[in-house]
Amino acid sequence: MPSSEPLSLAAIRARVDEVVRRSPADGISVTWLEVRRDAVCEGGRPRPAAHALERTIVVRVREGARLGESRTGSGEPSDLEAAVRLAVAASRVAPRLAGWEPPAASAADGPLPMLRDPAVAALDPESARQTLAGLVARREVADLDWAHGMLVTGGDLAVPRAAELTAISLRVRCGRRPGGGSAEGAARSLAALPIAEVIERARSGHGGTGLGELPETPVPAIVAASAAAKLLEGLVGGLEAPTGTWSGAAVWTAGLAGAGIELSDEPAGAGMPLPWDLLGRVRRPVAVPVAASEPLEPWSERPVGRNLCLRGRDPRPEGELLAAAEGGLWIGSVAGVELVPVGSGAVRFVGRGLRRIGAAGGLGEPVPDAVFELGLGELAALRGCGATLACRAAADRIWGGVSSPSLALASLPAGRPLPL
């Protein structure tokens, strides 16, 4: 997408209103997303501070009962007019929607969560490094990234909105070899980001040198909170993809409910809240994944702006979970999460930061990183979950996130070790 200097919220609002006023279509909505990103790394290889401006403008039009859409990365008036023409052209070849009606009126807004933090909006690389100064020890790497975004909607097919949002994320690694510790956190505000806690969680997962043997038979396992958030992000995305396994989703969510654990989208909750969808409509808390038979509204933007949260009705202390999994595995982080559409569905992932769980729940020797594959029913067979949530920002870093506690798996199949 083309980048240029960021515009003010008032300037974006004025351009959106002008596009709407000049549109020849029967109906129109304009959604303007703009975000400025920055990042620093403390303790790793020196690298220049990252600066990026991303802009996406989505134009949707209605001509009779036909809908059309186009996108542009330019905010210039001529390019915006061209985007409207392209959307109109797309509507003329789109199928006619029988009984189509405009989006229903939005419910009244409730109290807004923290969306914009002046402290994050004012961050620069030097002040970000000062925030981490003295907290990162030798052989530890901390990646801090933050973003300042604008969301503006307008037109008669949308609810007018003009809002600024901030987001800040921290990822910490202790050691690069198998058994290394890692943790992450994300929030809308600097005050809500538990920097010291994230660093301590990464340190506590570090297993030192020397590797033991992976279990050769299924064992109980504890998935650390940060790893569970990443696993959940990949799993939900796979279940809702066009090729996702909806029967597997039913198995998985039923198992979660049986274990007293709920997965929901909380647009105004803790984590990375965003109370509206990309048509400006007030979003409501919903269970996730939705039933396969639930109809989707035209132009549904469900994957964007989600604030997914996994919670147990009876969370347990981490020490208690670990003690109950004696002889099992601790999974500090995951990578390469993918859904395997066989039978009722399975999930495959790489487990890293693996350690044996010793007597009384102590973390013992590290073991090699490994690939694991387990059915969604097995994944939902949980013995419980922890009380502390870790938040992971979505891949776009600002429009949503995933929060999860640590998860106690009843049985983790034997993994296939990765080459050292």
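Considering all non-hydrogen atoms of both residues, Val136 and Ala142 come closest at CG2-CB, 3.7 Å. Across every non-hydrogen atom of Val120 and Leu190, the tightest pair is CG2-N, 3.5 Å. The minimum heavy-atom distance linking Val61 with Ala25 is given by the pair CB-CB, 3.8 Å. A pairwise comparison of heavy atoms in Gly384 and Leu321 identifies C-CD2, 4.2 Å as the closest pair. Pairing each heavy atom of Val84 with each of Ser23, the nearest pair is CG1-OG, 4.0 Å.
The salt bridge (Lys or Arg N to Asp or Glu O under 4.0 Å) pairs that include a residue from residues 380-389 number zero, where partners must be two or more places apart or lie in different chains. For residues 371-393, the pairs satisfying ring-ring contact (aromatic ring centres under 6.0 Å, His included) are Phe349-Phe372, with sequence neighbours left out. Residue pairs meeting the salt bridge (Lys or Arg N to Asp or Glu O under 4.0 Å) criterion with at least one partner in residues 189-200, sequence neighbours excluded, are Glu197-Arg201. Sorted by first and then second residue, the side-chain hydrogen bond (donor to acceptor under 3.5 Å, both in side chains) pairs involving residues 75-87 (not counting sequence neighbours) are Arg22-Glu81, Ser74-Asp79.
A distance of 11.0 Å separates CG of Asp117 from CG of Leu115, quoted to the nearest 0.5 Å. How far CE of Met150 is from CH2 of Trp32: 11.0 Å, rounded to the nearest 0.5 Å. Note that CE of Met272 is 9.0 Å distant from OG of Ser403, once rounded to the nearest 0.5 Å. Taking CG of Leu144 as the reference point, atom CZ of Arg171 lies at 8.5 Å (rounded to 0.5 Å). Atom CZ of Arg173 is separated from atom CG of Asp143 by 5.5 Å, given to the nearest 0.5 angstrom. Interatomic distance, CZ of Arg348 versus CD of Glu338, reported as 4.5 Å (0.5 Å rounding).
Considering only heavy atoms from C-beta on, Pro273 stays 4.5 Å or farther from Pro267 through its side chain. When side chains are defined from C-beta on, Thr31 counts as touching Leu151, because their heavy atoms get closer than 4.5 Å. Residues Leu354 and Pro368 form no side-chain contact, since every pair of their non-hydrogen atoms from C-beta on lies 4.5 Å or further apart. Residues Asp277 and Val282 are not in side-chain contact: their nearest non-hydrogen atoms beyond the backbone lie 4.5 Å or more apart. Counting heavy atoms from C-beta outward, Leu310 and Leu256 have side chains that approach closer than 4.5 Å. Annotation: side chain of Asp124 is in contact with side chain of Ser127 (closest heavy-atom distance under 4.5 Å). Contact of the Val141 side chain with the Val172 side chain is not registered, since no non-hydrogen atoms from C-beta on lie closer than 4.5 Å. The closest side-chain heavy-atom distance from Leu132 to Leu170 is below 4.5 Å.
With Arg13 contributing its side chain and Thr153 its backbone, the two residues share a donor-acceptor pair below 3.5 Å. A distance-only check finds a donor-acceptor pair linking the side chain of Ser226 to the backbone of Glu184 [under 3.5 Å]. In this structure, Arg66 contributes its side chain and Ala94 its backbone to a donor-acceptor pair below 3.5 Å. The main-chain N or O of Asp265 is never found under 3.5 Å from a side-chain atom of Asn307 such that the two would form a donor-acceptor pair. The main-chain N or O of His206 is found under 3.5 Å from a side-chain atom of Arg355 such that the two form a donor-acceptor pair. Between the side chain of Ser70 and the backbone N or O of Leu86, no donor-acceptor pair lies under 3.5 Å. Ser264 contributes no side-chain N or O that, together with a main-chain N or O of Glu266, makes up a donor-acceptor pair within less than 3.5 Å. In this structure, Asp145 contributes its side chain and Ile168 its backbone to no donor-acceptor pair below 3.5 Å.
Residues satisfying the salt bridge (charged side-chain N to carboxylate O under 4.0 Å, His left out) criterion with Arg116, sequence neighbours excluded, are Glu164. For Arg21, the salt bridge (charged side-chain N to carboxylate O under 4.0 Å, His left out) partners two or more places apart in sequence, or in a different chain, are Glu18. The side-chain hydrogen bond (donor to acceptor under 3.5 Å, both in side chains) search around Ser169 returns Arg397, not counting sequence neighbours. With sequence neighbours excluded, the residues that form a side-chain contact (heavy atoms from CB on, under 4.5 Å) with Ala137 are Glu140, Arg203. In this structure, Asp26 has no salt bridge (charged side-chain N to carboxylate O under 4.0 Å, His left out) partners at least two apart in sequence or on a different chain. Residues forming a side-chain contact (heavy atoms from CB on, under 4.5 Å) with Ala325 (at least two apart in sequence, or on another chain): Pro220, Ile222, Ile357. Taking Glu318 as the reference, nothing meets the salt bridge (charged side-chain N to carboxylate O under 4.0 Å, His left out) condition, with sequence neighbours excluded.
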Inset, instruction - Please step through side chain to side chain contact (heavy atoms under 4.5 Å, CB included) for the pair Arg316 and Cys385, ending with a clear verdict. - result: CA-CA 6 Å; Arg316 298 160 61 187; Cys385 66; over 6 Å; no

Inset, instruction - Apply the test side chain to side chain contact (heavy atoms under 4.5 Å, CB included) to residues Ile398 and Arg188: give CA-CA distance (whole Å), side-chain angles for both, the deciding distance (0.1 Å), then the verdict. - result: CA-CA 8 Å; Ile398 192 169; Arg188 290 278 181 221; 3.8 Å; yes

Legend entry - Derivation and outcome, side chain to side chain contact (heavy atoms under 4.5 Å, CB included), residues Val236 and Leu308: CA-CA 10 Å; Val236 170; Leu308 297 176; 4.2 Å; yes

Legend entry - Worked verdict on Glu34 versus Leu7 for side chain to side chain contact (heavy atoms under 4.5 Å, CB included): CA-CA 9 Å; Glu34 185 163 312; Leu7 298 173; 4.1 Å; yes

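The pair Arg352-Asp369 meets the salt-bridge criterion, since a charged nitrogen lies less than 4.0 angstrom from a carboxylate oxygen.
Heavy atoms of other residues, nucleotides or ligands lying less than 6.0 angstrom from CZ of Arg177 number 12 at most.
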Expected list for residues 408-419: side-chain donor-acceptor pairs under 3.5 angstrom, two or more places apart:
none

